[in-house]
Structure formats: C-alpha cells, structure tokens
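Computed from a predicted model, the values in this text were never measured in an experiment.
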Amino acid sequence: MTSSETLTGGVQPRPVVAGLPRYAAGKPPAAVDGMASYKLSSNENPLPPLPAVLEAIAHQADFNRYPDPLSSRLRAELSGFLGVPAEDIVTGAGSLGALNQLLATFAGRNDDGTPDEVVYAWRSFEAYPISVGLAGAESVRVPVTADGRHDLRAMAAAVTARTKMVLLCTPNNPTGPVLGTAETEDFIRRVPPHVVVVIDEAYQEFVRAEGAVDGIAMYRKYPNVVVLRTFSKAHGLAGLRVGYSVSNPALTQHLRVAATPFAVSQIAEKAAIVSLQNYPQVVERVQSLVDERERVTAGLRSLGWAVPDAQGNFVWLDLGEHSAGFAELAGAQALSVRAFPGEGVRVSIGEVEANTRFLQLCANYTNAPRAS
C-alpha cells in the first residue's frame with residue numbers, strides 16, 4: 001500500500017475520475033522587483049463591480065438564512081431584461097454550474113451501462129471534459145479549424161444515436177472566434193430534435209462581430225436549444241458565482257429537478273439584480289475592454305502575428321510547442337498568462353498598462369505565429 005492508501009484505508013475514486021484532466025485555474029502573477037504585477041490568465045474583468053452593486057451588498061446580513069432556491073427575484077429581473085418568461089430561466093453557480101445541472105439532467109450513463117455522448121469543439125472550455133466525464137457521459141471532441149473556429153459540419157457528422165447533447169462555445173474559449181447566425185441555424189437543423197444544443201455565451205456582451213449568433217433568438221425558434229450566460233465576465237461578479245440557463249419549459253421542468261438547491265447566494269442574487277438595473281454602466285465598462293481588445297489585436301497584427309478573430313475578453317496565440325516558454329517570459333515581466341502546453345497561450349484583456357507591456361513582450365518575441 002502507498003502512504004496515501006494507508007491514510008484512506010484504500011478508498012478509491014470512481015474509475016472515471018482517474019482519467020479526467022484537472023482543471024487548471026489561471027495562476028496569479030509572480031512578483032518582480034520594480035514592476036506592477038498583472039493577472040491575465042483567468043479571463044476575469046479587471047474592473048470591480050459597479051459602485052451601486054458594492055453599495056447594495058455592503059451591509060447585507062441575512063446569511064443565517066438559506067437563499068431562495070429558485071432565485072425568484074433575479075429570474076424576474078432577467079425576464080424583463082431578456083424578454084423571456086421567468087419560468088424558462090434556471091440559475092446556477094456561474095454558467096459552469098448551470099452546465100453541470102444540464103448534464104445531470106440530460107446526459108450520463110444508461111441502465112445498460114453505456115454512456116451517452118456529448119459533442120463539442122476542441123480546444124474549447126477546459127471544464128467541458130471534466131463535467132461531461134463526471135456526469136458519466138463520453139466526450140466526443142471535434143478539432144477546431146486552423147483559425148480557431150468550430151467545424152460545424154464535422155460536429156454535425158459526429159452526432160450519433162448515442163448523442164444526447166452538443167456544446168457550442170461562442171465566442172470560443174480560448175481561441176476567440178464567434179459563431180454566425182446562419183451557420184448555427186444550419187447546424188441546429190442538421191441535429192436530431194431530441195439532442196440538446198447548448199449555446200454557451202459566457203462572453204456574449206463582448207461580441208461586436210456582424211452576424212454573430214444570438215442564443216436567445218435561437219432558443220425562441222428551436223425547442224431543443226439551451227442558452228448559458230453568466231454574471232462573471234461583463235458584470236465583474238466572478239467571485240460570487242451566479243449564472244443561468246434559458247430553455248423551453250419542456251426542458252426546464254426536468255432541469256429544475258436536477259438543479260443544485262441554494263446554488264446562488266443572497267449576496268450574489270442581490271449583486272446581479274443591481275448590476276442589471278444599472279446595465280448602461282456595465283455596457284460602458286465592457287466597451288472600454290473591447291476597445292483595449294481591439295488595440296491589442298491590431299498591435300499584434302501590426303507586428304506580424306497571426307491572431308484569430310477575438311470576440312471575447314481575451315486573445316489567443318497559436319504558439320504550439322513554444323507556449324510554455326512564452327508563459328515563462330511573460331512571468332519574468334510580471335504578467336501571468338494561461339498556457340496550454342503544446343497548443344497555445346490565452347491572454348486576457350487587462351489593465352491598459354498590462355496590455356501595453358504584453359504588446360512590448362510580443363514585439364521582441366522571435367517564435368511568433370506569422371500571418372501568411
């Protein structure tokens with residue numbers, strides 16, 4: 001017996017756990033003498049919540065009580081904001097929590113032991129294989145195109161009789177491109193109507209591309225479409241963990257059974273409500289980050305870098321085998337970035353000084369992927 005087995009009495013996890021990757025959260029930046037440190041590794045909003053939000057939650061003290069398990073006030077606010085029935089909204093601990101509720105409801109392992117299949121693009125959100133595996137389902141990964149886009153034709157071809165769910169991440173994290181309306185509708189029509197199509201729009205507020213798909217419009221047209229959104233990015237509430245799904249009542253009636261009780265705390269619900277009530281200010285802040293994103297992408301391209309279309313609050317550097325080395329160089333400049341060894345580096349849009357320092361690093365880097 002190993003020492004760990006001795007301590008646990010030989011207790012072992014389910015076999016699926018051993019085969020799952022570990023979620024790698026963005027690391028904080030290392031301290032460098034004489035330089036301010038910046039974290040560009042987690043796609044966080046570098047700006048704090050709105051002042052009205054901070055004021056609203058400053059003196060909240062009802063944490064001796066359980067929160068409303070249905071987040072009724074937030075759902076009512078979202079209903080008016082989105083123009084959808086409150087009954088079609090199910091809240092969760094961030095959009096990832098909402099996704100886990102969907103998987104628990106619609107995809108897993110059948111009575112005969114065979115796993116359902118969940119199709120998604122890869123590389124995409126790194127939590128997908130973990131969540132799918134823990135649900136008991138099997139991941140079917142379809143490679144993204146050379147420019148970081150979903151290959152929707154290949155994804156449609158990957159759907160089989162065992163497929164229960166398809167995940168569409170738009171803009172795609174970590175590569176950045178967004179799905180278009182026409183191609184998404186064509187894809188949905190190719191997928192059998194009993195397959196749940198999840199449109200994951202965590203970065204929806206940052207999208208500026210013409211013709212980009214709107215998940216809410218797709219949910220209104222197709223009964224098997226579910227939309228995921230979050231308050232973590234644009235609203236700057238990542239630490240409070242509040243997100244939601246929007247879907248047809250035929251789906252939500254089952255989804256509420258699997259939804260985690262009390263997933264959204266009182267303080268998270270209050271913060272989200274007040275942020276929605278002050279949405280014009282949220283838009284202003286998001287636009288400032290979009291402006292910085294455009295400055296960074298234009299700067300990279302002027303240096304000769306090949307950069308996929310960036311529609312989230314991050315850019316993707318297709319550095320392949322040089323990814324880890326680039327991250328080390330960034331660390332020496334007091335910048336933390338998210339390296340995917342052997343694939344690429346994702347760099348979040350941060351403070352102006354951080355973005356400028358990142359561009360300076362890229363100007364002096366010799367292994368850049370060059371535009372053809």
Side-chain angles (χ1 to χ4, degrees), residues 20-44 46 120-130 141-151 169 171-178 203 289 292-372:
L20 294 177
R22 293 176 181 266
Y23 184 85
K27 296 181 180 179
V32 177
D33 288 344
M35 303 182 78
S37 297
Y38 296 101
K39 185 182 180 187
L40 306 179
S41 57
S42 290
N43 288 354
E44 297 157 331
Y120 52 86
W122 197 253
R123 161 122 356 226
S124 194
F125 182 32
E126 64 181 308
Y128 286 165
I130 302 171
R141 306 182 192 183
V142 178
V144 296
T145 62
D147 57 354
R149 299 179 181 277
H150 284 50
D151 187 341
C169 185
N172 187 49
N173 173 22
T175 59
V178 71
Y203 305 92
L289 295 175
E292 275 296 285
R293 180 189 73 198
E294 297 306 311
R295 180 174 78 91
V296 168
T297 53
L300 288 169
R301 288 168 180 157
S302 71
L303 295 170
W305 285 66
V307 183
D309 183 31
Q311 291 295 322
N313 66 338
F314 53 89
V315 295
W316 174 251
L317 309 180
D318 187 13
L319 285 165
E321 63 180 323
H322 303 293
S323 300
F326 181 89
E328 290 181 7
L329 291 174
Q333 295 296 312
L335 301 174
S336 66
V337 298
R338 178 68 174 91
F340 298 83
E343 299 180 72
V345 176
R346 188 192 67 199
V347 183
S348 303
I349 301 302
E351 296 84 348
V352 173
E353 180 182 344
N355 301 331
T356 298
R357 192 184 303 169
F358 165 61
L359 285 173
Q360 291 169 345
L361 171 64
C362 292
N364 299 318
Y365 188 70
T366 58
N367 293 315
R370 299 297 177 184
S372 58

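Looking only at side-chain heavy atoms (C-beta outward), P46 and N313 stay at 4.5 Å or farther from each other.
Here CG of L317 is found 5.0 Å from CH2 of W305. Values are rounded to the nearest 0.5 Å. In this structure, the separation between CG on L40 and CD on E351 is 7.0 Å, given to the nearest 0.5 Å. Note that the NE2 atom of H322 and the OG1 atom of T366 stand 8.0 Å from one another [nearest 0.5 Å]. For the atom pair CE (M35) and CZ (R357), the distance works out to 3.5 Å, reported to the nearest 0.5 Å.
Here the shortest heavy-atom pairing between G26 and K39 reads O-CE, 3.5 Å. Listed here is the closest heavy atom pair of A327 and A339: CB-CB, 3.8 Å. Pairing each heavy atom of P129 with each of P21, the nearest pair is CG-CG, 4.2 Å. Across every non-hydrogen atom of V315 and L300, the tightest pair is CG2-CD1, 4.3 Å.
For P308, the side chain to side chain contact (heavy atoms under 4.5 Å, CB included) test picks out P177, W316, with sequence neighbours left out. With sequence neighbours left out, the side chain to side chain contact (heavy atoms under 4.5 Å, CB included) criterion links A330 to L335, V337, L361. In terms of the side-chain hydrogen bond (donor to acceptor under 3.5 Å, both in side chains) criterion, R293 has no residue partners (sequence neighbours excluded). Residues satisfying the side chain to side chain contact (heavy atoms under 4.5 Å, CB included) criterion with N172, sequence neighbours excluded, are S124, V144, H150, C169, T175. Taking D151 as the reference, nothing meets the salt bridge (Lys or Arg N to Asp or Glu O under 4.0 Å) condition, with sequence neighbours excluded. With sequence neighbours left out, the ring pair (Phe, Tyr, Trp, His ring centres under 6.0 Å) criterion links Y120 to W122, Y128. Taking the side-chain hydrogen bond (donor to acceptor under 3.5 Å, both in side chains) definition, one finds that D309 meets it with Q311, sequence neighbours left out. Under the side chain to side chain contact (heavy atoms under 4.5 Å, CB included) criterion, A24 pairs with E126, R338, not counting sequence neighbours. By the salt bridge (Lys or Arg N to Asp or Glu O under 4.0 Å) test, R141 is found to be paired with no residue, residues two or more places apart in sequence or in another chain being considered. Listed by chain and number, the residues in a side-chain hydrogen bond (donor to acceptor under 3.5 Å, both in side chains) with E294 amount to none (sequence neighbours excluded). Under the side-chain hydrogen bond (donor to acceptor under 3.5 Å, both in side chains) criterion, E292 pairs with R295, N355, not counting sequence neighbours.
Counting only residues at least two apart or on different chains, no side-chain hydrogen bond (donor to acceptor under 3.5 Å, both in side chains) pair has a member in residues 20-37.
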Stepwise side-chain contact (heavy atoms from CB on, under 4.5 Å) check, N367 with E321: CA-CA 10 Å; N367 293 315; E321 63 180 323; over 6 Å; no
Take L329 and N364 through the side-chain contact (heavy atoms from CB on, under 4.5 Å) test and state the conclusion after the steps. CA-CA 11 Å; L329 291 174; N364 299 318; over 6 Å; no
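Side-chain N or O atoms of S348 include one that pairs as donor or acceptor with a backbone N or O of N43 at under 3.5 Å.
Under the 6.0 Å cut-off for aromatic ring centres, Y203 and F314 qualify, their centroids lying closer than that.
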